[in-house]
> 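Please find one structure pasted underneath; my questions will follow.
Note that the numbering runs from 1 along the sequence shown for the chain.
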Amino acid sequence: VEYRQRLNIHYAYGALLKPEISTLEVILNGISLHSVPLDKREGSESEWLSLDVPWDIYGPYNRLELLFHMMPDTYRECERVSDRQLWGTIFPDSN
């Protein structure tokens, strides 16, 4: 239905993230629609994001990307950030 498309994204993420720069970014057809801060230091087992999709950027073939941008809450300049267990997931009941 034109003008009435909505995304409902069910997601979760782990603990010990730096809330100032950790986000979940929603991209549709190469255009960033929204960025949600991952601001709970203890993580979250269930979060919902609902947003309206602008009618002029979608068509019959679309590409939806959901990108987690995560940084640990503490790290040193010379430390390997990849040594941390950071995780985020999108649940299949998203629509």
Side-chain angles (χ1 to χ4, degrees):
V1 177
E2 193 171 356
Y3 302 107
R4 300 226 183 240
Q5 300 303 317
R6 185 167 194 79
L7 287 173
N8 297 303
I9 301 165
H10 189 194
Y11 65 98
Y13 57 95
L16 304 175
L17 296 175
K18 188 167 188 134
E20 295 85 15
I21 56 176
S22 296
T23 62
L24 169 61
E25 183 179 10
V26 180
I27 301 169
L28 180 63
N29 297 331
I31 298 171
S32 182
L33 296 180
H34 196 68
S35 185
V36 180
L38 305 177
D39 55 2
K40 296 181 181 173
R41 288 195 184 273
E42 69 280 0
S44 176
E45 293 181 8
S46 180
E47 295 285 331
W48 281 92
L49 168 64
S50 295
L51 61 117
D52 293 320
V53 179
W55 66 271
D56 56 346
I57 64 169
Y58 63 85
Y61 303 102
N62 299 287
R63 180 182 172 101
L64 178 65
E65 297 174 74
L66 302 167
L67 300 176
F68 283 97
H69 302 282
M70 299 179 164
M71 287 297 290
D73 59 350
T74 59
Y75 64 94
R76 294 183 186 93
E77 287 185 30
C78 296
E79 181 183 18
R80 291 187 59 192
V81 175
S82 62
D83 291 345
R84 303 291 179 93
Q85 294 293 326
L86 303 178
W87 63 270
T89 188
I90 305 295
F91 294 111
D93 60 344
S94 300
N95 59 55

> With rounding to the nearest 0.5 Å, note down the distance linking CE in Met70 to CD1 in Ile21.
12.0 Å
> Would you say Ile27 ends up clustered with Trp55 if hydrophobic residues are merged whenever their side chains have heavy atoms under 4.5 Å apart, either directly or through other cluster members?
no
> Please name the pair of heavy atoms, one in Leu17 and one in Arg41, separated by the smallest distance, quoted to 0.1 Å.
O-NH1, 3.8 Å
> Verify the neighbour count for atom CD of Glu20: are there more than 12 heavy atoms of other residues, nucleotides or ligands below 6.0 Å?
yes
> Drop me the distance from Gln85's CD to Leu16's CG, to the nearest 0.5 angstrom.
11.0 Å
> Looking at OG of Ser35 and CG of Leu24, how far apart are the two atoms once the value is rounded to the nearest 0.5 Å?
7.5 Å
> Any idea which heavy atoms bring Met71 and Leu86 closest together, and the distance?
C-CD1, 4.1 Å
> To check you understand the geometry: which heavy-atom pair defines the closest contact between Ile57 and Leu33, and what is its length?
CD1-CD2, 3.3 Å
> Any donor-acceptor pair under 3.5 Å linking the side chain of Tyr11 with the backbone of Ser44?
no
> Please determine if Asp73 and Lys18 form a salt bridge, counting it only when a charged side-chain N lies under 4.0 Å from a carboxylate O.
no
> Starting at OG of Ser50, measure out to CG of Asn8 and round the result to the nearest 0.5 Å.
4.0 Å
> What's the separation between atom OH in Tyr13 and atom CD in Glu45, rounded to the nearest 0.5 Å?
11.5 Å
> Would you say that Leu51 contacts Leu49 through its side chain, given a criterion of any heavy-atom pair below 4.5 Å between the two side chains?
yes
> Examine Val36 and Leu7 and state if one hydrophobic cluster contains both, with Ile, Leu, Val, Met, Phe, Trp and Tyr joined whenever side-chain heavy atoms are less than 4.5 Å apart.
yes
> Ignoring hydrogens and geometry, is there a side-chain-to-backbone donor-acceptor pair from Asn29 to Arg63 under 3.5 Å?
yes
> Examine Val53 and Leu64 and state if one hydrophobic cluster contains both, with Ile, Leu, Val, Met, Phe, Trp and Tyr joined whenever side-chain heavy atoms are less than 4.5 Å apart.
yes
> Would you call the rings of His10 and Phe91 parallel, tilted or perpendicular, where under 30° means parallel and over 60° means perpendicular?
tilted
> Using 0.5 Å steps for rounding, measure from the OG1 atom of Thr23 to the CG atom of Asp39.
11.0 Å
> Could you tell me whether the side chains of Glu25 and His69 share a donor-acceptor contact shorter than 3.5 Å?
yes
> Are Trp48 and Leu66 linked, directly or through other ILVMFWY residues, by side chains that come within less than 4.5 angstrom of each other?
no
> Would you say Ile90 and Phe68 make side-chain contact, with heavy atoms under 4.5 Å?
yes
